[in-house]
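Comments concern the structure below.
Residue indices begin at 1 and follow the sequence shown. Just so you know, these numbers use all the heavy atoms, side chains as well, and skip hydrogens, waters and symmetry mates.
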Amino acid sequence: MKPIEEKPLKSASFFDALIPIAVLICLLGAAVYLFGDDSSSGPNQIALLFATFAAALIGLKNGYTWKKLEDAMIEGITLSLSAILILLMVGALIGTWLLSGTVPTLIYYGLQIINPSWFYAASCLICGIVAMSIGSSWTTAATIGVALLGVASGLGLEPTVTAGAVISGAYFGDKLSPLSETTNLAPAVAGADLFEHIHHMLWTTVPSFVIALIIFVFMGFNATAAGEAGQIDQITAILQQNFNIGLEMLVPLIVLLVLAIRKMPAFPAISIGAVIGAVWAMLFQSDLIASQIDMTQGEFVGYFKLVWTTFFDGFTINTGDAKMDSLLSGGGMSGMLTTTWLIMTALMFGAIMEKTGLLDIFVKSILKIAKSTGSLIASTIATCIGTNVIAADQYIAIVVPGRMFKEEYKKRGLKPVNLSRTLEDGGTITSPLIPWNTCGAYMQSVLLINPFDYALYAFFNLINPFLAVIYAYLGIKILRIKPKQTA
């Protein structure tokens, strides 16, 4: 039998590219309108699935076989497996660190030493330092960020502003850390040197961060009267009544930070942190565990069962105070399954859009109007942001625009570091501001605040792209390739 010949592929039109985008925007808007903050718990996933089907139908119309489209979706999901493993283990880590007293201890000492008038700025700065040290915005948010939100609750400060400060600091540090995956990915795609890339980013990143810190300082001064001493005393009393509080409870955090600094991959490092949290819980929180277990099965079995449950279903406490119960309960791998579902559907959609050439259409249309260097860089940032919205993943938002714009930057005599910096200015730091993006979904699952709510206060993430565009149009720190001198 002769092999079946495949039909020639048709080039997608601009109208083809608009259809799945229109479907996605309409359905995501309807999801937010109908379900509000619960839109990421299922409605957004359905919206992404229907948008994926719309993109697949366009692909079939243009000659792609279902097998090729299915392979593209599977490949897209495969790219997310590393992030999903980390996400699940972060759920376990949060659960064991709550049970072990690590997070409660961070909250307790934070209430003692942090003044409300500079809390927002301090939160931003602390997260920046930690993220730069370990190269991970995700780990920073899941550990330091969670504790800082607890401190904010005790001080009577706004959780949305605190989340914005955490995101700002975490992504500032992540962006400048040579240990960060995105900081290595951007120059690799653009063809630039890593440390030259980091040095070039300082020009847009540091001023943006300083401006954000100044804003947080002013907001903190206005929030000085929000925290009540009586409320703080009540919270610290509840923490002391239910947990053993002490500096030794911070050992799981210290171990995790050391492993991250020593460049251990995120999944095993977080796994070790979660296990140490479980061990610390059994060593130091015996009274708490004893109050929660069923003694009819025996003390050892009860201890073991509770710790095991904490890994997959998180930790729940009843202190008699509903707000404190909400603050000190959570975690578990099961709590991350909705986010995992969102990541998978988002990457399926992004993979189909890239495979069928629909993303490429937007870039080609943009290049037709990007005549100047300023407009080229502005267009690259807009494309990165658009890819974050459409493809819903920061890695795709770096790789796809990077591949598509690389030759254009070269043709115009621009050094690769201009492109690599722009990819980070537009792609890396805007990803947590979009609820259905993998980063936005992760941050919501960890901080328990919708990205639409904290996005207005993630000042660094908002300022940096605008400052990069201003630099581009003014020609500030735009490096050009020097022509080779002839003998």
Side-chain angles (χ1 to χ4, degrees), residues 37 40 90-91 93-95 97-98 101-116 118-131 136-171 173 212 216 219-220 223 226-228 231-232 234-236 238-239 243 250 253 314-317 319 321-332 335-336 339 432-433 435 439-461:
D37 288 344
S40 292
V90 164
L93 178 137
I94 293 174
W97 281 21
L98 285 168
T102 300
V103 172
T105 296
L106 283 168
I107 295 172
Y108 178 85
Y109 286 120
L111 290 172
Q112 308 300 315
I113 64 175
I114 297 181
N115 187 287
W118 51 274
F119 174 76
Y120 296 138
S123 297
C124 184
L125 190 59
I126 290 168
C127 287
I129 293 170
V130 172
S136 173
S137 56
W138 282 28
T139 303
T140 302
T143 52
I144 306 299
V146 170
L148 287 169
L149 279 168
V151 176
S153 176
L155 295 172
L157 297 172
E158 284 292 331
T160 51
V161 180
T162 305
V166 168
I167 296 295
S168 293
Y171 275 82
F216 284 127
M219 293 188 73
E228 299 177 5
Q231 182 186 19
I232 295 174
Q234 182 182 357
I235 291 173
T236 54
I238 290 174
L239 291 172
F243 298 91
L250 301 180
L253 171 62
F315 172 68
T316 303
I317 192 171
T319 65
D321 185 303
K323 289 184 178 180
M324 290 300 293
D325 291 346
S326 176
L327 176 64
L328 300 172
S329 301
M336 298 298 180
T339 304
L433 308 181
C439 293
Y442 173 85
M443 292 301 169
Q444 180 172 355
S445 68
V446 169
L447 303 177
L448 304 180
I449 297 175
N450 193 300
F452 279 148
D453 294 328
Y454 67 62
L456 291 175
Y457 304 104
F459 297 118
F460 168 72
N461 305 65

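Shown here are the side chain to side chain donor-acceptor pair (under 3.5 Å) partners of Tyr108, two or more places apart in sequence or in another chain: Gln240. The side chain to side chain donor-acceptor pair (under 3.5 Å) search around Thr319 returns Asp325, not counting sequence neighbours. Remark: Ala458 pairs with Ile167, Ser168, Leu433, Asn461 by the side chain to side chain contact (heavy atoms under 4.5 Å, CB included) rule, at least two apart or across chains. Applying the ring pair (Phe, Tyr, Trp, His ring centres under 6.0 Å) test to Tyr454 and every residue at least two apart in sequence or in another chain returns nothing. By the side chain to side chain contact (heavy atoms under 4.5 Å, CB included) test, Thr160 pairs with Glu158, Ile449, Asp453, Tyr457, sequence neighbours left out. Every residue two or more places apart in sequence or in another chain that forms a ring pair (Phe, Tyr, Trp, His ring centres under 6.0 Å) with Tyr442 is listed here: Trp138. In this structure, the side chain to side chain contact (heavy atoms under 4.5 Å, CB included) partners of Leu106, at least two apart in sequence or on a different chain, are Ala147, Leu250, Leu253.
You'll find the ring centres of Phe460 and Tyr171 outside the 6.0 Å limit.
Of all heavy-atom pairs spanning Phe243 and Leu98, the tightest one is CE2-O, 3.2 Å. Across Ala170 and Cys127, no two heavy atoms sit closer than the pair N-CB, 3.8 Å. Nearest heavy atom pair, residue Ala141 against residue Val446, reads O-CG1, 3.6 Å. For the residue pair Gly440 and Pro451, the shortest heavy atom distance occurs at O-CG, 3.5 Å. Of all heavy-atom pairs spanning Val161 and Phe216, the tightest one is O-CE2, 4.1 Å. When every heavy atom of Gly331 is checked against every heavy atom of Ile94, the shortest pair comes out as CA-CG2, 3.9 Å.
The distance from atom CG of Leu157 to atom CG of Leu148, rounded to the nearest 0.5 Å, is 11.0 Å. For the atom pair OG (Ser123) and CH2 (Trp118), the distance works out to 9.0 Å, reported to the nearest 0.5 Å.
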(request) Evaluate the criterion side-chain contact (heavy atoms from CB on, under 4.5 Å) for residue pair Leu328 and Leu239; output intermediate values, then yes/no. (result) CA-CA 9 Å; Leu328 300 172; Leu239 291 172; 3.9 Å; yes

